[in-house]
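Worksheet: the structure to be examined is printed underneath.
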Amino acid sequence: MDRLELIEVAGSSYVVSGKYGIGVYLDRSSKTAVCIDSGPNTTVIEKVCTRISDRGYQIIAVVHTHGHAVNHGGNLYLKKRFPNLRIYATHLASYIIENPLLEPFVFDAGGGSDTKPDENKENTRALVTDYLPSTDSIFHVHTIPFKIVSLPGHSPGMVGIITPDHVLYCGDALFGAKTLNKQALLFFNDLKAARRSFKKLSMMKLNAYVLYHGGPYKTVTGLINKHLTLMKDTSAFLEAWIHEQPSTLEQLVQKVMKKYEFEDDLHRYGLTTSIIRSYLKELQQENRIVAKVDNGLLLFSKPVATT
């Protein structure tokens, strides 16, 4: 693994270099640090701790944007190294953080986009100590004020965190350009909520935005437009196929996996299934498709035209 570094985003707000955009806020007056998410595993967060301690700071808290395993895999290491560590999360996110074996049942796949659930069994004892509201508000870590921004769509109870430097760590509310270029099927469990979050982000005036899968951006307008285009394309593809011939969920998953050339992998299959269900739900809500049970099979088909 490449050497991880702390990259200054603005003022005291930093992001870790590399694959995962772990946030770090360094409070100069107290020489303490707050992490925003803790990475996928011990290996990554240990390197982050080294970079922070090299600067003379000590971690006092980790604040979670949401409950996917790839975001909280460093918790146990942090708790062992810093016994008084505070772990912040919303109630919905805390259920998965404290019980990672639940994640496959909730999302039909483990670890969000790229971490399997059994890689994070060690987190079962790293309990959340402080609960965040899921609505826009202000909270303090000791004397440091942070703002919570509700950003639903990707995961239940997901929030963004704004530092005193007006830097928003938005978790997986958006994905970076590198992810968008290689992955057209985006992981959102509530498409309507995701679009509301996009609109909210587009109206905010901030110094920077940090994406967990993408790093820092000065503006996110272009990314939002790309997300909307990819989501529209996926929805149109599913609707057109269903209108052409009634299909089961498994047939649709197979079709999508072939379209995007996904490997035959249980994790990828589960993740694709979860995503497709979100699209089918929205298509049904908008009466663009209908669902019925036929001979013991759940079939999605074109609505019958009314006169």
Side-chain angles (χ1 to χ4, degrees), residues 19-20 40 66-71 96 100-120 152-156 158 171-195 197-198 211-214 223 226-286 288-291 293 297-301:
K19 185 176 181 180
Y20 305 102
H66 62 297
H68 284 165
V70 74
N71 298 78
I96 309 302
L101 293 178
L102 290 176
E103 189 167 349
F105 300 100
V106 176
F107 302 108
D108 286 323
S113 58
D114 52 16
T115 296
K116 298 179 182 179
D118 58 354
E119 293 175 359
N120 288 281
H154 173 72
S155 175
M158 194 174 78
D172 291 349
L174 291 171
F175 300 99
K178 185 176 180 180
T179 298
L180 297 181
N181 288 336
K182 70 177 183 180
Q183 186 170 313
L185 188 66
L186 303 178
F187 185 10
F188 292 102
N189 75 343
D190 187 330
L191 300 176
K192 282 184 168 55
R195 293 189 188 93
S197 292
F198 296 163
L211 318 183
Y212 193 74
H213 297 283
L223 286 178
K226 180 65 172 177
H227 280 67
L228 291 171
T229 297
L230 290 174
M231 291 162 67
K232 182 179 179 180
D233 290 347
T234 299
S235 184
F237 171 79
L238 288 169
E239 182 179 13
W241 180 258
I242 292 169
H243 282 202
E244 182 177 328
Q245 62 182 76
S247 302
T248 65
L249 174 61
E250 288 212 336
Q251 288 171 331
L252 293 168
V253 171
Q254 181 186 46
K255 191 71 177 176
V256 169
M257 291 185 72
K258 286 184 177 180
K259 173 180 170 62
Y260 295 115
E261 300 180 342
F262 293 157
E263 62 185 90
D264 284 333
D265 172 81
L266 285 173
H267 174 64
R268 174 57 64 182
Y269 176 85
L271 186 58
T272 303
T273 301
S274 182
I275 296 171
I276 297 307
R277 279 179 170 159
S278 299
Y279 280 94
L280 295 177
K281 178 182 177 181
E282 182 175 64
L283 288 170
Q284 285 179 266
Q285 290 173 339
E286 296 178 352
R288 292 156 63 186
I289 64 171
V290 295
V293 177
L297 291 176
L298 176 62
L299 289 176
F300 298 93
S301 60

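Just so it is clear, the structure is predicted and the values come from calculations on it, not from any experiment.
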(message) Set out, in order, the CA-CA distance, both residues' side-chain angles and the distance that settles side chain to side chain contact (heavy atoms under 4.5 Å, CB included) for Ile242 and Leu280, then state yes or no.
(response) CA-CA 10 Å; Ile242 292 169; Leu280 295 177; 3.7 Å; yes

(message) Let's go through Leu185 and Phe262 carefully: what are the C-alpha distance in whole Å and the side-chain angles of both, what is the deciding distance for side chain to side chain contact (heavy atoms under 4.5 Å, CB included) to 0.1 Å, and is it a yes or a no?
(response) CA-CA 10 Å; Leu185 188 66; Phe262 293 157; 3.7 Å; yes

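With values rounded to the nearest 0.5 angstrom, Leu186 atom CG is found 9.0 Å from Thr179 atom OG1. One finds the OG1 atom of Thr234 at 8.5 Å from the CD1 atom of Ile275 (value rounded to the nearest 0.5 Å). From Gln285, atom CD reaches atom NZ of Lys192 across 5.0 Å, with rounding to the nearest 0.5 Å. Remark: Asn181 CG to Lys178 NZ distance equals 10.0 Å, nearest 0.5 Å. In this structure, CG in Leu299 is found 11.5 Å from CD1 in Ile289, a value given to the nearest 0.5 Å. Between the CD1 atom of Ile96 and the CG atom of Asn71 there is a distance of 12.5 Å, given to the nearest 0.5 Å.
Contacts classified as ring-ring contact (aromatic ring centres under 6.0 Å, His included) and involving residues 235-259 (residues at least two apart or in different chains) are not found.
Around atom CG of Asp264, no more than 12 heavy atoms belonging to other residues, nucleotides or ligands sit under 6.0 Å away. For Lys281, the NZ atom counts as loosely surrounded, since its 6.0 Å shell holds 12 or fewer non-hydrogen atoms of other residues, nucleotides or ligands.
Side-chain contact check for Asn189 versus Pro156: some heavy-atom pair is nearer than 4.5 Å. A heavy-atom distance below 4.5 Å is not found between the side chains of Ser197 and Met158. The side-chain heavy atoms of Phe187 and His68, taken from C-beta on, include a pair separated by under 4.5 Å. Counting heavy atoms from C-beta outward, Phe300 and Leu238 have side chains that stay 4.5 Å or more apart.
Residues Tyr212 and His154 place their aromatic rings such that the two centres sit no closer than 6.0 Å. Centroid-to-centroid, the aromatic rings of Phe188 and Phe198 come within less than 6.0 Å.
For Ser278, there are no side-chain hydrogen bond (donor to acceptor under 3.5 Å, both in side chains) partners at least two apart in sequence or on another chain. Among residues two or more places apart in sequence or in another chain, the salt bridge (Lys or Arg N to Asp or Glu O under 4.0 Å) test is passed with Arg195 by Glu282. Contacts of Pro246 classified as side chain to side chain contact (heavy atoms under 4.5 Å, CB included), with partners at least two apart in sequence or in another chain: Ser301. Applying the side-chain hydrogen bond (donor to acceptor under 3.5 Å, both in side chains) test to Glu250 and every residue at least two apart in sequence or in another chain returns Tyr269.
The minimum heavy-atom distance linking Ala291 with Gln284 is given by the pair CB-NE2, 3.4 Å. The two residues Met257 and Glu263 make their nearest non-hydrogen contact at CE-O, 3.4 Å.
No donor-acceptor pair under 3.5 Å is formed between the side chain of Thr248 and the backbone N or O of Leu298.
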Quick one: side chains of residues 226-233, donor-acceptor pairs under 3.5 Å with protein atoms, not counting sequence neighbours, listed by atom name and distance.
from	atom 1	to	atom 2	distance (Å)
His227	ND1	Leu223	O	2.7
His227	NE2	Phe175	N	2.9
Thr229	OG1	Asn225	O	3.0

